[in-house]
Amino acid sequence: MQKRAHTEGIGFLRYFVKGDLLTRLSFFLMGAGSLFRGQIVKGLLYLAIQAGYIYYMITFGAFYVIKLPTLGTVTQTKEFDPALGFSVIKPGDNSMLILLYGVMSLLLGIVVIVFYLMNIKTAYVNQVTLRAGGRLKSFRDDLKDLLDSRFHVTVLTLPVVLAAAFTVTPLIFMILMAFTNYNRDHQPPGNLFTWIGLQNFTQVLYGNPLWSNTLIRLFLWTIVWAFFATFLNYIFGIILALMINKKGIRIKKFWRTVFITTVAVPQFVSLMLISKFLHDQGALNTLLMNLGVIRQFIPFLSNGMIAKITVIVVNLWVGIPYTMLISSGVLMNIPEDLYEASRIDGAGTVAQFFNITMPYMLQVTTPYLITQFVANINNFNVIYLLTQGDPKSLNLYQAGETDLLVTWLYKLTVNEQNYSLASTIGIIIFVICAAVSLLTYNRSRAVQEEDQFQ
Amino acid sequence: MKKKESISNAGIYVILCVMSLIWLFPIVWLILQSFRETPQGAFTKNFLPLTYTTQNYTKLFTDTTLFNYPRWFLNTLVVAVASCIITTVLVLLTAYAFSRLRFAARRPMMNVILILGMFPGFMSMIAIYHILKAIGLIQSLFSLVLIYSGGAITKYYIAKGFFDTIPRSIDEAALIDGATKNEVFWKISLPLSKPIIIYTILESFIAPWVDFIVVSVIMKDNYNNYTIALGLYQMLTRENITKYFTQFCAGAVLIAIPITVLFIVMQKYYVGGVTAGGAKG
């Protein structure tokens, strides 16, 4: 890959050396090599891209790109306006807009460069084709190609553009933010923020004891949570599926529907309801007290340790039917003769479960398990809707006992406006997820042989 | 042997019954609360309602000054339908491209998407908010549609897995007969992909009904453009919970019914889609 890019780089220089006037002109005026050779629409499109980007940069983009290295130098001030008789705000630089528009302009620039290189290549290919006496592709031919040999371009353009606007740009913006000091004290437009290098990382990893303590505790809890949430749901879900699908069990459809109903009820409804249900003065405590089972309420969600257990148990309620649903199909694929043979060898149900069912399921569903694990690390809904991360703890910075890293991130942005720290946490979460995936993906046969399934 | 079998089956029936009760319990409780008249409030001394009423439901549609439930319902429906159509088309196209077409950027793109997916989704919300503000779309329903369908490319995985299971030889035969890849997609691959189409439609239609993080960041205080989830969430804030808890339950039942029915009817396709796409042996 590297080598190819290298030779292509030289290739473009060679185009200049070998190119005729029109090809060389394309280096400065995009579309020249198409426009003046009869590919009018294509040439005009290239030209429009160049003109559009230059216009955009002059009227808008350049200002922000130039300020990007400092993120702004002019602070907003209040000045007394003698004509009006009171102070008016004199706007300064807005660091956040500089960062955002700067990144946007640079990304747009990369897109334009890609088109620029395409334009040169087209110009050169046109030159060679004409010299060999060939016919150039008409615009109609190009459109036809888009439905056939270049169908992937047609298909992927819109998704890529949307993803670039709503996933990639925002993400790059937020990643960069981790290297600034954007927090409550440096909040645009009133104040500027600026680059501070790796300071956020050193602070949260060891520099600031409160922060690093919070990070470590939430990290451990996040991993514990993700582990239980993933594997308990998985195992119990499979057991439930096995029970429902067992030969001789009647009204299978009924049982399945009962459990699927709970998958279908929107999560935020069921979770918020359960959080009120398990409240200290909630219905369950009331019921248990009325029945005389307990004298004092059980702090399901208000005691750190019990709350942690509660969220894992409630998550079983949420997740088991889902696994049941998904594993049912896979379970039916297990060859019946495997069970038959083991039965003859005298294996019981439990032995079959551990020696046939689980190994088979694990092998087939490893990618699913990895995705689930990563999804649980980022499982905002269950935690936030059930406990909002509470009970609060003084030993933790802006976080509660059941907060995951991802809900901490949410609180840091929404309640604390500590965007730089939040972004730092976001990057740390990414590193964790990437590490988990890398470690496991490479061992999974199903992933490695992606191409060979067809 | 026969006897042992029936004993273990009886055991399973007992377990299934107990589990069903546990799983249905919150749902039954929700329905009961939605019809409760007295005692008032979320936290009461009585587990079961003392008196019942349908007012919680009617109030949702008549008493709309603070909580405009019908409006929110309509908002959500509009957003759900629009983003469902766009997302489904985009997801299927992306998945098809990655599964069937071969081009230089295929692997790199799939890897980039994999990496993008490992960042917490909420992280980019702040930036999205400002981007939308910059292009003047903030607090609009259209911006919600854009966001929900904007991530379409990252959800290709399951649909791709499904396309992978359709034998390639079918495509190749059509290509030899002179069909373009475009025609192959519409006339051959799509008709074979009913389960995954329905799965994708279902997933993308339900997303706007259940998401409240995105809406809360985008809409802030524009109550008129709230969706159901965010609106209902507001009913349970500390100031409102005592007065509106039973109405929350009624509102929740009303949106849970269509989604549940949809889900149960489409169940077969849903399972077919996930198992064919998500897990391969």
Side-chain angles (χ1 to χ4, degrees), chain A residues 100 147-148 151-152 155-156 158-159 162-163 166-167 170-171 173-174 243 246 248-249 255 257-262 264-270 272-274 276-277 279 281-283 286-287 290 325-326 329-330 333 364-365 368 374 378 406 409-410 413 419 426 429-430 433-434 446 453-454, chain B residues 5 9 12 15-16 20 23-24 26-27 29-30 42-43 45 47 90 93-94 96-97 101 103 116 118-120 122-124 126-128 130-131 146-147 149-154 164 168 180-182 209-210 212-213 229 233 236 252 255-256 259-260 263-264 267 271 274-275 278-281:
Chain A
L100 181 63
L147 290 183
D148 200 14
F151 189 46
H152 59 273
V155 162
L156 289 175
L158 191 56
L162 278 174
F166 293 105
T167 313
L171 211 54
F173 173 73
M174 292 309 281
M243 288 198 296
K246 187 173 182 296
I249 295 294
W255 298 118
T257 310
V258 165
F259 290 102
I260 287 171
T261 316
T262 60
V265 173
Q267 244 185 38
F268 81 95
V269 168
S270 49
M272 278 163 71
L273 192 76
I274 292 176
K276 302 303 166 212
F277 187 73
H279 191 272
Q281 276 92 47
T286 314
L287 179 70
N290 288 355
L325 198 60
I326 288 178
V330 187
N333 290 341
V364 174
T365 55
Y368 168 79
V374 170
N378 285 321
V406 66
L409 187 159
Y410 177 86
T413 28
Y419 297 106
I429 297 175
F430 164 75
C433 296
F453 271 108
Q454 302 167 13
Chain B
E5 183 86 10
N9 276 359
I12 288 177
I15 297 174
L16 283 178
S20 300
W23 255 259
L24 288 179
I27 294 167
W29 191 69
L30 171 74
F43 310 118
K45 286 262 170 300
F47 184 75
L90 295 185
L93 287 176
T94 314
Y96 181 76
L101 309 173
F103 46 97
L116 287 179
M118 287 173 195
F119 283 97
F122 176 75
M123 207 174 142
S124 47
I126 306 297
I128 291 179
H130 290 292
I131 291 176
L146 277 182
I147 297 176
S149 36
I153 197 171
T154 57
D164 284 349
R168 279 201 127 186
T180 62
K181 285 180 181 166
N182 181 42
W209 296 91
V210 298
F212 90 107
I213 313 169
Y233 187 78
L236 290 194
I255 70 157
I259 294 183
T260 311
F263 206 89
I264 290 175
Q267 193 201 125
V271 176
V274 185
T275 42
K280 305 174 281 186

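No hydrogens, no waters, no symmetry mates; every other heavy atom, side chains included, goes into these values. What you see is a predicted model; the values in this text were computed from it and never measured. Chain naming here is simple, since letters A, B, ... match the order of the sequence lines and numbering starts at 1 in each.
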- Could you tell me which non-hydrogen atom of A/Phe268 sits nearest to which non-hydrogen atom of B/Ala229, and how far apart they are? CZ-CA, 3.3 Å
- Item | Separation of A/Lys276 NZ from B/Leu30 CG (nearest 0.5 Å) | 14.0 Å
- Engaged part of A/Thr261 at the chain B interface, taking heavy atoms whose separation is under 4.5 Å: both
- Item | Largest heavy-atom contact set with chain B, pairs under 4.5 Å, which of A/Asn290, A/Val258, A/Thr286, A/Leu287 | A/Leu287
- Query: Taking the six-membered ring for Trp, are B/Tyr96 and A/Phe151 parallel (under 30°), tilted (30 to 60°) or perpendicular (over 60°)?
  - Reply: perpendicular
- Largest heavy-atom contact set with chain B, pairs under 4.5 Å, which of A/Pro266, A/Pro170, A/Cys433: A/Pro170
- Item | Validation row: B/Ile259, A/Val265 side chains within 4.5 angstrom (heavy atoms) | no
- A/Tyr419 OH to B/Met123 CE distance, which is reported to the nearest 0.5 Å: 13.5 Å
- Under the side-chain hydrogen bond (donor to acceptor under 3.5 Å, both in side chains) test, which residues partner B/Asn182, sequence neighbours left out? B/Trp186
- Message: I'd like to check B/Ser20 versus A/Phe259 (side-chain heavy atoms, cut-off strictly below 4.5 Å). Are they in contact?
- Response: yes
- What is the distance from atom CG of B/Leu146 to atom CZ of A/Phe166, rounded to the nearest 0.5 Å? 4.5 Å
- Query: Does the side chain of A/Gln267 reach to within under 4.5 Å of the side chain of B/Val210, using non-hydrogen atoms?
  - Reply: no
- Separation between CG of B/Leu93 and CG of A/Leu156, rounded to the nearest 0.5 Å: 8.0 Å
- So do the side chains of B/Ile153 and A/Leu162 get within less than 4.5 Å of each other, counting heavy atoms only? no
- Message: Quick check on B/Trp209 against chain A: is it the side chain, the backbone, both or neither that has a heavy atom closer than 4.5 Å?
- Response: backbone
- If you count heavy-atom pairs under 4.5 Å with chain B, which of A/Val269, A/Val155, A/Leu147, A/Asn378 comes out on top? A/Leu147
- Heavy-atom distances under 4.5 Å only: say whether A/Tyr410 touches chain B with side chain, backbone, both or neither. both
- At a heavy-atom separation under 4.5 Å, does B/Leu16 approach chain A through its side chain, its backbone, both, or neither? both
- Please list, chain by chain and in numerical order, all residues satisfying ring pair (Phe, Tyr, Trp, His ring centres under 6.0 Å) with B/Tyr233, sequence neighbours excluded. B/Phe212
- Task: Find the one option among A/Val374, A/Val406, A/Ile260, A/Ile274 whose heavy-atom pairs under 4.5 Å with chain B are most numerous.
- Result: A/Ile260
- Query: Can you check whether A/Leu273 reaches B/Trp29 side chain to side chain, under 4.5 Å on heavy atoms?
  - Reply: yes
- To the nearest 0.5 Å, atom CD1 of B/Ile12 lies from atom NZ of A/Lys246 at 5.0 Å
- Message: Among A/Gly426, A/Ser270, A/Ala163, which residue has the highest count of heavy-atom pairs closer than 4.5 Å to chain B?
- Response: A/Gly426
- Report the option among B/Ile147, B/Ile213, B/Leu24 that has the most heavy-atom pairs separated by less than 4.5 Å from atoms of chain A. B/Ile213
- Item | Portion of A/Leu171 that has a non-hydrogen atom of chain B nearer than 4.5 angstrom | both
- Side chains of A/Thr413 and B/Phe122: does their closest heavy-atom pair fall under 4.5 Å? yes
- Message: Measuring from atom CG of A/Leu325 to atom CZ of B/Phe263, what distance do you get when rounded to the nearest 0.5 angstrom?
- Response: 6.0 Å
- Query: Top residue by heavy-atom pair count (under 4.5 Å) with chain A, among B/Ile128, B/Leu90, B/Asn9?
  - Reply: B/Asn9
- Message: Counting heavy-atom pairs closer than 4.5 Å to chain A, which one of B/Ala97, B/Pro26, B/Pro120, B/Ser149 comes out on top?
- Response: B/Pro120
